[in-house]
Number of protein chains: 2
Amino acid sequence: MKVRGNNNHKSMGGQVPEPTLRRLPGYLSYFKSLKINGIEHVSSSQIASTFNMDATLVTKDLSHTGIKGRTKIGYNVDKLIETIIVFLDFNTHENAFLFGVGNLGKALINYDGLKHYGLKIVAGFDVDPRVINTSVKDVKVYGVDDFRDLSRKIPARIGIITTPDGKAQETADYMVAWGIKAIWNFTPQSIKVPDNIVVENTSIYSDLAVILNKLNK
Amino acid sequence: MKVRGNNNHKSMGGQVPEPTLRRLPGYLSYFKSLKINGIEHVSSSQIASTFNMDATLVTKDLSHTGIKGRTKIGYNVDKLIETIIVFLDFNTHENAFLFGVGNLGKALINYDGLKHYGLKIVAGFDVDPRVINTSVKDVKVYGVDDFRDLSRKIPARIGIITTPDGKAQETADYMVAWGIKAIWNFTPQSIKVPDNIVVENTSIYSDLAVILNKLNK
DNA sequence: CAATAGTTGTTATTTTATTAACAATTCTTC
DNA sequence: GAAGAATTGTTAATAAAATAACAACTATTG
């Protein structure tokens with residue numbers, strides 16, 4: 001007999017597959033649009049057809065979050081939204097520092113979305129005197145040296161790297177020394193950090209490679 | 001006996017696994033930095049340690065591009081760079097239209113990198129009269145209606161969606177009607193298009209979900 | 001010039017992710 | 001209220017990707 005246990009907390013053993021984690025935000029966006037349109041229930045086959053995937057996979061993905069559907073009815077949209085938001089920690093406000101306030105950095109700061117997805121960029125850092133002491137939206141930009149004081153006022157566990165290529169490793173080293181626990185690296189450069197630091201590389205070049213490959217096939 | 005054949009063209013049967021495609025741009029960036037530092041050869045184990053992965057996987061990834069290494073020496077850095085660029089079609093200039101000239105759209109247009117990775121954004125489109133007829137860098141922004149004339153002057157196969165959420169499907173429909181063959185969707189919304197159209201979704205929320213999950217584990 | 005160690009590249013194994021099959025449930029219709 | 005159809009959710013099978021094992025090769029060293 002298998003123990004199901006309560007699955008309100010993902011701290012329990014059961015690892016969630018990364019592909020599942022990656023799909024959940026897409027589902028969430030879809031469920032929100034359903035809610036706006038006044039739709040109260042949705043079935044796995046509907047979801048699957050929207051995302052061009054297998055219905056069983058949807059079912060499995062959703063089961064990881066602990067949500068229960070009803071036979072012949074499907075899943076409750078409100079419940080889906082609430083459950084996924086909590087499951088992905090999108091209801092928390094995790095502070096983040098952003099290093100490299102160029103075009104991409106500014107775009108991320110201006111990107112309202114992040115706020116509703118658990119991330120709050122609380123300060124920007126740069127080496128360019130022309131951007132230091134300016135503000136992007138309500139986010140102030142500091143020089144690197146101001147970090148010590150700032151980190152005492154506003155603790156942050158996440159660091160975002162949007163510097164030009166070539167400065168990524170240097171920036172990552174700073175961040176780790178500062179006490180940053182997770183690094184979100186938007187440069188194509190690979191960075192080396194201690195094992196206990198979480199690193200996520202977001203490379204639009206990877207996406208581009210996939211597009212060009214499919215297009216020219 | 002297995003026929004190896006020449007593998008100068010990926011048009012031949014052998015599908016390249018998507019994970020491999022996604023890793024290649026990262027390798028490329030690393031190889032470029034090696035070249036700058038005057039390093040002429042690199043081994044799969046060095047590469048693997050840089051990216052925190054298994055050396056065999058590196059070897060396999062590189063073998064897909066047709067490059068040959070030398071026992072006890074490794075791979076020639078110049079050759080690696082050249083081969084991967086050609087393999088990923090980063091040496092071509094694929095034209096792209098960008099729809100939704102907001103913060104993210106502007107950042108992408110300003111992002112010099114893309115030009116060196118095979119993609120050239122040739123025009124922006126928007127519905128906001130305040131941005132129509134302006135320029136971002138050397139890229140002009142048009143209203144949607146101007147498309148017909150423009151597409152005759154500058155053909156493009158790739159369409160980039162950086163509109164606000166909720167406009168993604170509508171925009172995708174336009175693009176397909178216009179003759180766009182591949183859509184790069186930066187909104188979290190899923191879009192439905194005919195089977196012959198390539199769609200790549202770039203969702204930073206997926207990356208965020210992975211980061212938060214690892215951080216809170 | 002033989003032995004050694006570092007290295008590629010292939011084949012086999014294991015792990016992970018996806019798809020298929022099916023049993024259980026329950027709303028709806030006749 | 002019985003029959004049928006739609007749906008969940010689990011278990012089994014398949015497919016894909018990553019890792020391990022190993023054979024072949026070649027610079028370097030003694």
Side-chain angles (χ1 to χ4, degrees), chain A residues 1-7 13-24 26-27 31 34 39-77 79-80 83 206 209-210 213-214, chain B residues 1-7 13-24 26-27 31 34 39-77 79-80 83-84 206 209-210 213:
Chain A
M1 184 185 61
K2 190 178 295 180
V3 176
R4 290 284 293 314
N6 86 45
N7 35 16
Q15 287 281 23
V16 184
E18 190 169 312
T20 296
L21 278 177
R22 294 194 167 278
R23 282 187 294 262
L24 285 171
Y27 298 153
F31 299 148
L34 291 181
I39 295 166
E40 292 184 0
H41 292 93
V42 64
S43 73
S44 60
S45 55
Q46 281 176 278
I47 302 168
S49 116
T50 300
F51 288 89
N52 236 347
M53 57 192 289
D54 194 282
T56 309
L57 190 48
V58 172
T59 307
K60 273 195 177 167
D61 284 346
L62 295 181
S63 79
H64 280 290
T65 70
I67 199 166
K68 294 269 179 271
R70 285 175 62 199
T71 298
K72 191 82 172 161
I73 298 285
Y75 299 89
N76 177 277
V77 170
K79 194 78 186 165
L80 277 170
T83 306
S206 294
V210 174
N213 179 266
K214 287 183 184 165
Chain B
M1 185 185 58
K2 190 178 293 178
V3 176
R4 289 285 292 314
N6 85 47
N7 35 15
Q15 287 281 24
V16 183
E18 189 168 313
T20 295
L21 279 176
R22 293 193 166 279
R23 282 187 293 263
L24 285 171
Y27 298 153
F31 299 148
L34 291 180
I39 296 166
E40 291 184 0
H41 292 93
V42 64
S43 73
S44 59
S45 56
Q46 281 176 278
I47 302 167
S49 118
T50 300
F51 289 89
N52 237 346
M53 57 192 289
D54 194 282
T56 310
L57 189 47
V58 173
T59 306
K60 272 192 180 170
D61 283 347
L62 295 180
S63 78
H64 281 290
T65 70
I67 200 168
K68 295 269 179 270
R70 285 176 60 200
T71 298
K72 192 78 174 165
I73 298 285
Y75 300 89
N76 177 277
V77 170
K79 193 77 187 166
L80 278 170
T83 306
I84 293 177
S206 294
V210 173
N213 179 265

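Model, not experiment: these values are computed from the prediction. What's counted below: heavy atoms across the whole structure, side chains too, no hydrogens, waters or symmetry copies.
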Separation of atom [atom1] in [X] from atom [atom2] in [N], rounded to whole Å:
X: B:N76; N: C:dT7; atom1: CG; atom2: P; result: 15 Å
X: A:L62; N: D:dT8; atom1: CG; atom2: P; result: 9 Å
X: B:K68; N: C:dT10; atom1: NZ; atom2: C1'; result: 11 Å
X: A:H41; N: C:dT26; atom1: NE2; atom2: C1'; result: 13 Å
X: A:K72; N: C:dC27; atom1: NZ; atom2: P; result: 10 Å
X: A:H64; N: C:dT18; atom1: NE2; atom2: C1'; result: 12 Å
X: B:Q15; N: D:dA16; atom1: CD; atom2: P; result: 10 Å
X: A:L21; N: C:dA17; atom1: CG; atom2: C1'; result: 14 Å

Among the nucleotides [options], which one has an atom lying closest to any side-chain atom of [X]?
X: A:T71; options: D:dA27, C:dT26, C:dT18; result: C:dT26
X: B:K60; options: D:dA18, D:dA17, C:dG6; result: D:dA18
X: A:P17; options: C:dA17, C:dC27, C:dA20; result: C:dA17
X: A:D54; options: C:dA20, C:dT7, C:dA17; result: C:dA20
X: B:T56; options: C:dT25, C:dA20, C:dT10; result: C:dT10

Kindly compute the distance separating [atom1] ([X]) from [atom2] ([Y]), expressed to the nearest 0.5 Å.
X: B:R23; Y: B:I47; atom1: CZ; atom2: CD1; value: 12.0 Å
X: B:Q15; Y: B:T20; atom1: CD; atom2: OG1; value: 11.5 Å
X: B:F51; Y: B:L57; atom1: CZ; atom2: CG; value: 11.5 Å

Report task. Count the heavy atoms belonging to other residues, nucleotides or ligands that lie under 6.0 Å from CZ of B:R70, then report whether that count exceeds 12. Result ->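 No - once you tally the heavy atoms of other residues, nucleotides and ligands closer than 6.0 Å, there are 12 at most.
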Distance check: side-chain N/O of [X] vs OP1/OP2 of [N], anything under 4.0 Å?
X: B:R70; N: D:dA27; answer: yes
X: B:T59; N: C:dG9; answer: no
X: B:R23; N: D:dA17; answer: no
X: B:S63; N: C:dG9; answer: no

Query raised in the report: Starting at the 5' end of DNA chain C and moving along, which residue's nearest nucleotide shows up first, A:M53 or B:I73?
Result: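 Closer to the 5' end of DNA chain C: B:I73.
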Query raised in the report: Which heavy atom of B:A48 sits nearest a heavy atom of B:D54, and at what distance?
Result: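 Of all heavy-atom pairs spanning B:A48 and B:D54, the closest is CB-C, 3.9 Å.
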Query raised in the report: Heavy atoms under 4.0 Å, any strand shown: does A:T20 hit a base, just sugar-phosphate, or nothing?
Result: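 No contact.
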